[in-house]
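Computed from a prediction, not measured in an experiment: that's the story for all the values here.
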Amino acid sequence: MNNDNKKENYEHHTPTGLFADKALPSDSNNNSKTTHSTVSKTAAHSKVTHDNPSISTESVPPATTNVTKKTIASGEALKLAVVGHTNTGKTSILRTLLRDVYFGEVKNEAATTRHVEQASLTDSKTGEVLVALYDTPGLEDASGLMDWLEDNTASRRDGIERLQQFLAADIAQGSDSGVLDSYDYSQEAKVIRQLLASDMAIYVVDAREPVLGKYKDELAILSWAAIPVMPVFNFTDSQNANIDDWQTMLARRNLHISTRFDSVAFEFEDEMHLWQNLATMLTHSEMLEQLMQRRTEDWAQLYDEANIIIADFLLNVASFVREINEDDDPMPVLEQMQEAVRQSERAMQHNLLNLYKFYDNAVAATPLELQAYQQDPFDPELLKSYGIRTTSGAAAGALLGLGIDAAALGTTLGLGAAIGGIAGGLLSNTSSIADRITGVKRLYIDPATLTLLATRAIDLLTALRHRGHAATDATQLLYKGEKSSLETSLNDGSYHNDSNSNTDEDSNPITVWPANKLPSELKKARGKPQWSSLSSGKSEQAQLLRADMAWSLSGKLQSYKRES
């Protein structure tokens with residue numbers, strides 16, 4: 001990606017066009033769930049103020065019974081129906097594809113979606129609609145419908161004719177009384193109408209389910225629509241996935257192209273495979289190829305912007321400095337600095353959440369609810385959990401994690417060897433530093449704390465990149481084959497309660513870098529107090545001053561990514 005473009009976006013706080021602002025459903029009338037999704041510009045979401053045309057959502061009027069559908073033409077948006085048995089995660093998959101936690105309604109119960117809802121994926125640069133997605137109700141009784149079709153339609157007629165005959169029958173119209181009739185197939189009729197009006201369909205499979213007769217009947221009915229149908233396996237990260245059995249059954253029905261797409265444990269590569277496989281089934285796939293190219297570019301841009309957010313935060317903290325007189329009590333200043341860093345870290349975390357469209361806990365729990373992100377970064381036990389050793393003689397509690405920078409000597413000593421040493425009887429160290437600074441003590445955030453803050457930020461970013469927008473549980477933070485640094489340290493035995501452990505930090509895989517080897521950008525920040533808004537209170541001016549260094553540090557942060 002062009003650095004000039006990236007820098008321009010950073011300075012103007014312009015997030016990438018891959019994701020839409022969240023859409024809020026309108027009130028429903030007459031017990032009918034007609035959802036009109038709009039781009040939210042309320043004060044509650046003031047952190048995301050850009051206009052984003054990449055996704056739009058709207059309700060869909062019922063399709064007519066006699067549908068005339070032509071094969072997708074070159075340059076025409078793809079009409080893609082999302083179908084499947086009830087409660088297999090159709091809406092969940094759409095939420096993750098759209099990066100919109102507000103699309104539709106997701107519940108752990110059957111028949112949540114009762115009407116067809118539409119969402120459009122557009123080119124984030126041109127605004128051109130590339131794919132129209134249709135979320136359909138769940139198929140509830142395909143076996144009963146198959147019995148009716150066999151009893152009431154002629155087998156010599158083709159599939160579309162038999163489906164149209166069903167759509168014209170009374171059982172497809174639903175009951176005016178609102179009471180569910182045993183012969184009411186109005187939900188199936190909504191699916192079939194949309195299927196006949198679409199270019200192709202994805203059939204969502206809950207990979208945890210066994211292969212049952214009702215699913216075979218569903219596939220048989222879907223095949224009569226005479227459009228390409230591709231099975232998509234959802235919840236593939238589950239230990240109970242039965243994908244091999246499903247693929248055997250699908251092959252017997254001439255469905256040899258399928259893909260995996262977990263709406264909770266998200267993998268961007270899985271999404272690309274989904275679009276690629278769909279493209280192989282089309283005569284004209286230009287729109288899907290354009291979509292894949294644009295989403296790949298936007299996904300990379302998001303990652304660049306996220307690393308800039310983290311780098312900017314670290315430089316802001318590294319350049320944070322407070323001066324006190326030699327005889328002043330450092331504790332009040334130390335506590336103020338700690339609180340300022342805590343608030344700055346939380347602001348950085350929420351910036352990352354907003355960038356990846358995880359807004360608040362009202363709709364879906366965020367990773368910040370996990371204990372690892374709630375722990376105080378100045379807690380000495382947390383430092384030990386990450387395998388970060390503190391200087392011998394370090395004091396416990398609030399003092400840990402802050403240090404005195406002997407600028408004249410060009411070294412940074414941990415607080416344990418400086419002010420914290422008072423508690424350990426190391427007054428001589430403090431006196432020697434005070435003498436060299438000629439009566440002025442300058443307090444900085446020490447390397448151990450900076451290392452911890454960087455590691456937690458990178459862990460959060462990695463988690464967000466693997467978190468589907470259908471995730472509703474904070475514990476769904478973890479993703480395929482990956483764990484946070486803290487959990488890794490707890491599980492592999494590298495957790496140390498002894499701060500004097502002989503662990504070699506240079507070989508410690510838990511943190512992004514050894515605590516005694518900060519990147520040069522953070523070392524340089526020590527002598528640039530004007531870079532820190534925490535020191536000066538001038539946020540915009542300080543950010544501009546550290547902008548170039550943030551670009552440099554962000555490149556190094558990307559080399560520490562934990563993803564394969």
Side-chain angles (χ1 to χ4, degrees), residues 80-101 103-104 106-108 110 112-113 133 135-136 138-139 200-212 214-216 218-219 222 228-253 255-281 292 295 299 356 358 364-365 367 462-483 562-564:
L80 179 64
V82 181
V83 302
H85 196 74
T86 184
N87 208 33
T88 56
K90 297 181 295 299
T91 302
S92 295
I93 279 183
L94 280 168
R95 281 188 173 185
T96 299
L97 285 175
L98 297 168
R99 318 293 195 259
D100 183 0
V101 298
F103 177 80
V106 173
K107 291 183 180 179
N108 189 23
T112 301
T113 301
L133 296 162
D135 187 19
T136 65
L139 295 168
M200 63 192 315
I202 59 174
Y203 175 74
V204 180
V205 176
D206 185 340
R208 301 167 297 186
E209 285 287 300
V211 178
L212 301 176
K214 59 183 179 181
Y215 302 130
K216 299 176 183 178
E218 288 173 359
L219 289 167
L222 295 178
V229 176
M230 184 179 75
V232 174
F233 295 105
N234 195 10
F235 307 117
T236 57
D237 205 41
S238 169
Q239 298 289 336
N240 301 320
N242 298 307
I243 295 179
D244 289 343
D245 293 341
W246 272 97
Q247 288 179 327
T248 299
M249 184 272 284
L250 293 171
R252 293 179 178 178
R253 282 156 179 77
L255 294 170
H256 300 285
I257 300 178
S258 63
T259 193
R260 306 183 184 201
F261 185 82
D262 196 306
S263 60
V264 173
F266 174 69
E267 294 290 341
F268 184 72
E269 292 77 10
D270 288 348
E271 180 185 340
M272 289 299 102
H273 290 154
L274 185 153
W275 301 123
Q276 288 167 357
N277 287 348
L278 288 174
T280 63
M281 304 169 73
M292 286 186 284
R295 288 176 81 85
W299 187 248
Y356 282 88
F358 295 101
T462 306
L464 293 176
R465 287 170 61 80
H466 291 272
R467 181 179 177 83
H469 284 68
T472 57
D473 189 342
T475 59
Q476 291 168 337
L477 163 70
L478 301 179
Y479 35 87
K480 300 176 183 178
E482 300 287 348
K483 296 181 179 180
R562 304 184 186 286
E563 322 172 43
S564 58

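Side-chain contact check for Met200 versus Val229: every heavy-atom pair is 4.5 Å or farther apart. Residues Leu274 and Val232 have side chains in contact (heavy-atom distance under 4.5 Å, counting atoms from C-beta outward). Residues Met230 and Leu278 meet the side-chain proximity criterion, which asks for heavy atoms closer than 4.5 Å. The shortest side-chain heavy-atom distance between Val264 and Phe235 falls under the 4.5 Å cut-off. Taking the side chain as every heavy atom from C-beta outward, Pro231 and Trp246 never approach each other to under 4.5 Å.
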For Val83 and Leu222, run side-chain contact (heavy atoms from CB on, under 4.5 Å): C-alpha distance rounded to whole Å, both residues' side-chain angles, the deciding distance at 0.1 Å, then the answer. CA-CA 9 Å; Val83 302; Leu222 295 178; 3.9 Å; yes
May I have the step-by-step check of side-chain contact (heavy atoms from CB on, under 4.5 Å) for Val205 and Thr88, ending in yes or no? CA-CA 6 Å; Val205 176; Thr88 56; over 6 Å; no
Residues Val211, Lys216; criterion side-chain contact (heavy atoms from CB on, under 4.5 Å); working and verdict: CA-CA 8 Å; Val211 178; Lys216 299 176 183 178; 3.9 Å; yes
Could you go step by step and tell me if Gln247 and Leu255 meet the side-chain contact (heavy atoms from CB on, under 4.5 Å) rule? CA-CA 8 Å; Gln247 288 179 327; Leu255 294 170; over 6 Å; no
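When atom types are taken as modelled, the side chain of Asn242 and the backbone of Arg208 share a donor-acceptor pair closer than 3.5 angstrom. Judged by distance alone, with hydrogens and angles left aside, the side-chain atoms of Asp262 form a donor-acceptor pair with the main-chain N or O of Thr236 at under 3.5 Å. For the pair Thr96 (side chain) and Ser263 (backbone), a donor-acceptor distance under 3.5 Å is present.
Atom OH of Tyr203 and atom OG of Ser258 lie 12.5 Å apart (nearest 0.5 Å). Here Asn277 contributes atom CG and Met272 contributes atom CE; the two are 11.5 Å apart, rounded to the nearest 0.5 Å. With rounding to the nearest 0.5 angstrom, the CZ atom of Arg260 is 12.5 Å from the CG atom of Asn234. Within the model, atoms OG1 of Thr248 and CZ of Arg252 stand 7.0 Å from one another, a figure rounded to the nearest 0.5 Å. Note: Asp135 CG to Thr91 OG1 = 3.5 Å, rounded to the nearest 0.5 Å. Atom CD1 of Ile257 and atom CG of Leu250 lie 12.0 Å apart (nearest 0.5 Å).
Minimum interatomic distance between Val82 and Thr136 (heavy atoms only, all atoms of both residues): O-OG1, 2.6 Å. Across all non-hydrogen atoms, the minimal contact from Arg467 to Phe358 is O-CZ, 3.3 Å. Residues His256 and Ala251 share a closest heavy-atom pair of CE1-O, 3.5 Å.
Checked against the 6.0 Å centroid threshold, Trp275 and Phe268 do not count as a close aromatic pair.
In this structure, Arg95 forms no cation-pi arrangement with Phe103, as its terminal cationic atom is not both closer than 6.0 Å to the ring centre and no more than 45° off the ring axis.
With respect to Arg99 and Glu271, a salt bridge is recorded, a charged nitrogen being found less than 4.0 Å from a carboxylate O.
Glu267 pairs in a side chain to side chain donor-acceptor pair (under 3.5 Å) with only one of the listed residues (His466, His273, Arg465), which is His466.
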